[in-house]
There are 2 protein chains.
Amino acid sequence: MSKHRWKHEPTEILLVRDGFALAGVDAGGTPGFHGDQGHGEKELARQMSQLGDLQERLYAGRNERGDAVLLVLQAMDTAGKGGVVRHVVGGVDPQGVALAAFKQPTAEELEHDFLWRVEKRLPEAGFIGVFDRSHYEDVLIGKIHELADEAEIERRYEAIVEFERRIAASGTRIIKVMLHISKDEQKARLTERLDRADKHWKYNPSDVDERMRWDEYMAAYQTVFERTSTPEAPWYVVPANHKWYARLAVQRLLLDALKEIDPQWPAAEFDVDVEKKRLAAT
Amino acid sequence: MSKHRWKHEPTEILLVRDGFALAGVDAGGTPGFHGDQGHGEKELARQMSQLGDLQERLYAGRNERGDAVLLVLQAMDTAGKGGVVRHVVGGVDPQGVALAAFKQPTAEELEHDFLWRVEKRLPEAGFIGVFDRSHYEDVLIGKIHELADEAEIERRYEAIVEFERRIAASGTRIIKVMLHISKDEQKARLTERLDRADKHWKYNPSDVDERMRWDEYMAAYQTVFERTSTPEAPWYVVPANHKWYARLAVQRLLLDALKEIDPQWPAAEFDVDVEKKRLAAT
């Protein structure tokens with residue numbers, strides 16, 4: 001057994017509370033975890049086996065209980081959403097995962113309220129849903145590029161809080177994560193994408209356009225946190241300059257949500273002895 | 001480097017050709033592979049890294065080319081579809097996988113042609129789609145339980161061939177797999193599900209009902225093979241009493257499909273030097 005390296009739980013230390021200031025977060029930190037990358041990778045494997053076990057129980061009980069988990073991932077480009085999906089979410093049984101990547105809305109989606117397409121992708125009971133980007137784009141890029149007017153953006157914060165409250169009340173545990181990298185780290189990662197032909201497909205000239213508005217984005221995120229971090233749907237800001245730490249911390253947030261649900265193997269809805277006899281006779 | 005243990009390719013040795021007889025397949029065999037479980041597990045890891053690389057290229061090029069892969073999984077209960085999804089499909093980046101589990105049709109689905117719900121779940125370009133059960137249920141359980149009359153079942157074989165031909169022509173490589181276990185092996189696996197409280201959720205009394213109609217199912221599969229194994233959408237029968245072999249063989253079928261597509265990193269749609277300068281200036 002490895003000694004316990006989490007000195008403070010991510011649910012506590014990364015939580016966006018009243019008075020939170022994004023500007024005060026060190027994107028290069030590894031809060032709560034005492035150990036280096038090697039320790040982190042060992043812990044990732046250890047937590048994964050717990051997560052896999054709990055996820056199987058959650059899925060097994062999907063017809064008995066309405067519990068589900070929704071992980072919302074938001075971040076500036078290159079912050080590592082894809083790595084979290086691959087190395088954390090990818091570690092559990094794909095049959096119990098519902099992944100939704102929200103791109104630029106389609107013409108049909110734009111004809112509906114911004115939450116219309118989100119509602120359709122909510123996880124069913126027993127599932128871990130993962131949003132790669134989400135309805136928060138509608139108050140981030142939507143605000144900065146003035147895709148909606150101020151009054152509409154204001155309305156959306158409130159609509160989001162109501163929406164998430166309803167989802168939570170229906171049995172879905174919501175975990176909202178912003179992966180937070182520094183501006184310098186983003187530059188290094190974008191540079192790598194430009195330097196390597198096998199990474200060009202991940203690069204888009206608009207990435208630099210958005211990067212030029214870094215401070216506006218940070219301010220928009222700060223407002224998002226102030227307006228939408230609620231007890232039912234809390235935000236966590238995860239320092240992500242160290243990829244290993246970001247993956248480990250998000251995994252632990254998921255693990256904590258599943259432990260709170262405490263899913264149990266459902267009882268048999270049939271008479272086990274009768275079935276044994278029927279089977280034996282075949 | 002491990003020596004090459006595939007003496008015959010699964011694409012050749014497991015292919016359903018004219019004159020194929022399901023009754024002649026040894027469900028306990030490991031055709032084409034020279035090695036034991038230990039060798040198989042090493043080969044699974046080796047093939048996985050190739051598969052992951054090719055899958056990333058397929059995904060990267062999704063806006064340039066229309067290629068996709070569709071893996072159809074059919075089997076009697078307990079044959080190991082779930083294990084294939086978890087250990088083969090689960091090994092590639094979830095962002096490039098579209099998994100669809102087809103259960104008993106809903107009332108809405110029943111109001112449409114049997115292919116309606118299938119069409120909606122076909123993989124987009126760049127994706128590996130996986131069907132856990134499929135439209136073949138409509139000519140298997142549908143036939144045996146007389147959910148449709150004979151003429152309708154006849155119509156369906158032809159409709160399936162036409163449907164799959166169109167899908168293939170649009171750029172989706174179709175791999176249809178029946179995981180084949182023996183009747184004795186199924187008994188052992190169902191017995192284990194009844195013996196373990198943490199497996200009860202996987203058991204359903206109807207599993208024994210269906211088991212009692214084993215021979216009818218084998219005959220229905222034989223007809224499916226005769227009517228629907230085409231060059232555009234071939235069937236492969238994978239012996240599955242050895243789980244390690246079934247996973248390894250399905251993985252290799254996927255790998256072969258991706259190698260044939262031979263996906264390439266897409267060329268940059270921007271001027272790399274211009275972008276480097278723009279980025280440097282930020």
Side-chain angles (χ1 to χ4, degrees), chain A residues 52-53 56-57 59-64 81-82 85-87 89-99 101 130 132 183 186-187 190-191 193-205 207-209 211-212 214 265-276 278-282, chain B residues 52-53 56-57 59-64 81-82 85-87 89-99 101 130 132 183 186-187 190-191 193-205 207-209 211-212 214 265-276 278-282:
Chain A
D53 175 60
E56 191 183 354
R57 289 167 183 257
Y59 185 77
R62 68 195 180 283
N63 297 324
E64 287 201 350
K81 286 187 285 88
V85 169
R86 172 142 208 187
H87 297 281
V89 179
V92 304
D93 191 340
Q95 289 163 104
V97 171
L99 178 63
V130 180
D132 177 354
K183 201 175 171 189
Q186 191 197 47
K187 190 172 199 168
L190 286 174
T191 301
R193 289 186 180 179
L194 285 170
D195 283 343
R196 289 176 53 177
D198 65 338
K199 299 283 183 193
H200 284 166
W201 68 277
K202 292 188 172 188
Y203 181 89
N204 190 305
D207 297 348
V208 170
D209 301 334
R211 173 176 170 75
M212 290 193 228
W214 187 276
W265 298 116
E269 289 173 346
F270 48 83
D271 184 322
V272 175
D273 290 329
V274 167
E275 291 303 318
K276 283 185 180 173
R278 286 181 70 223
L279 177 60
T282 62
Chain B
D53 175 60
E56 191 182 354
R57 289 168 183 257
Y59 185 76
R62 67 194 181 283
N63 297 324
E64 286 201 351
K81 286 188 286 86
V85 169
R86 171 142 208 185
H87 297 281
V89 178
V92 304
D93 192 340
Q95 288 163 105
V97 172
L99 177 63
V130 180
D132 177 354
K183 201 176 172 189
Q186 191 197 46
K187 191 172 199 169
L190 286 173
T191 301
R193 289 186 180 179
L194 285 171
D195 284 343
R196 289 177 52 177
D198 64 337
K199 298 283 183 193
H200 285 167
W201 68 277
K202 293 188 170 186
Y203 181 89
N204 190 305
D207 296 349
V208 170
D209 301 334
R211 174 176 170 74
M212 290 193 227
W214 187 274
W265 297 116
E269 289 174 345
F270 48 83
D271 184 320
V272 175
D273 290 329
V274 167
E275 292 302 317
K276 282 185 181 174
R278 287 181 70 223
L279 177 60
T282 62

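A quick note: this is a predicted structure, and the numbers were derived from the prediction, not measured. Note on naming: letters A, B, ... go to the chains in the order of the sequence lines (proteins, then strands), and numbering restarts at 1 for each one.
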Heavy-atom pairs under 4.5 Å with chain B: which of A:Glu64, A:His200, A:Met212 has the most?
A:His200
Under a 3.5 Å distance rule, please check whether B:Arg193 uses its side chain to pair with a backbone N or O of B:Lys202 as donor and acceptor.
yes
If you tally heavy-atom pairs under 4.5 Å between each of B:Ala60, B:Ala268, B:Ala98, B:Ala281 and chain A, the highest tally belongs to B:Ala60
So, the part of A:Arg62 with a heavy atom under 4.5 Å from chain B: the answer is side chain
Heavy-atom pair count under 4.5 Å with chain A, highest-scoring of B:Val272, B:Val85, B:Asp132, B:Asp198:
B:Asp198
Using a cut-off of under 4.5 Å for heavy-atom pairs, which of A:Asn204, A:Leu99, A:Val97 has the most such pairs with chain B?
A:Leu99
So, B:Glu275 and A:Tyr203: side-chain donor and acceptor under 3.5 Å apart, yes or no?
yes
Determine yes or no for a side-chain-to-main-chain donor-acceptor pair under 3.5 angstrom, with A:Lys199 supplying the side chain and A:Leu194 the backbone.
no
Using distance alone, with no hydrogens and no angle criterion, decide if B:Gln186 and B:Arg211 have a side-chain donor and acceptor under 3.5 Å apart.
yes
Portion of A:Ala280 that has a non-hydrogen atom of chain B nearer than 4.5 angstrom
backbone
Under a 4.5 Å cutoff for heavy-atom pairs, which residue among A:Ala101, A:Pro205, A:Gly90 has the most contacts with chain B?
A:Pro205
Whatever's closer than 4.5 Å to a heavy atom in chain B on A:Asn63 counts as neither
When heavy-atom pairs shorter than 4.5 Å are enumerated against chain A, which of B:Gly61, B:Gly82, B:Ala197 gives the highest number?
B:Gly82
Which atoms of A:Leu190 are under 4.5 Å from chain B, going by heavy atoms: the side chain, the backbone, both sets, or neither?
both
Under 3.5 Å donor-acceptor, A:Asp93 side chain and A:Gly96 backbone:
no
Regarding A:Arg278 and B:Asp209, does a basic nitrogen lie under 4.0 Å from an acidic carboxylate oxygen?
yes
Short N-O contact, A:Asp195 and B:Lys276, less than 4.0 angstrom:
yes
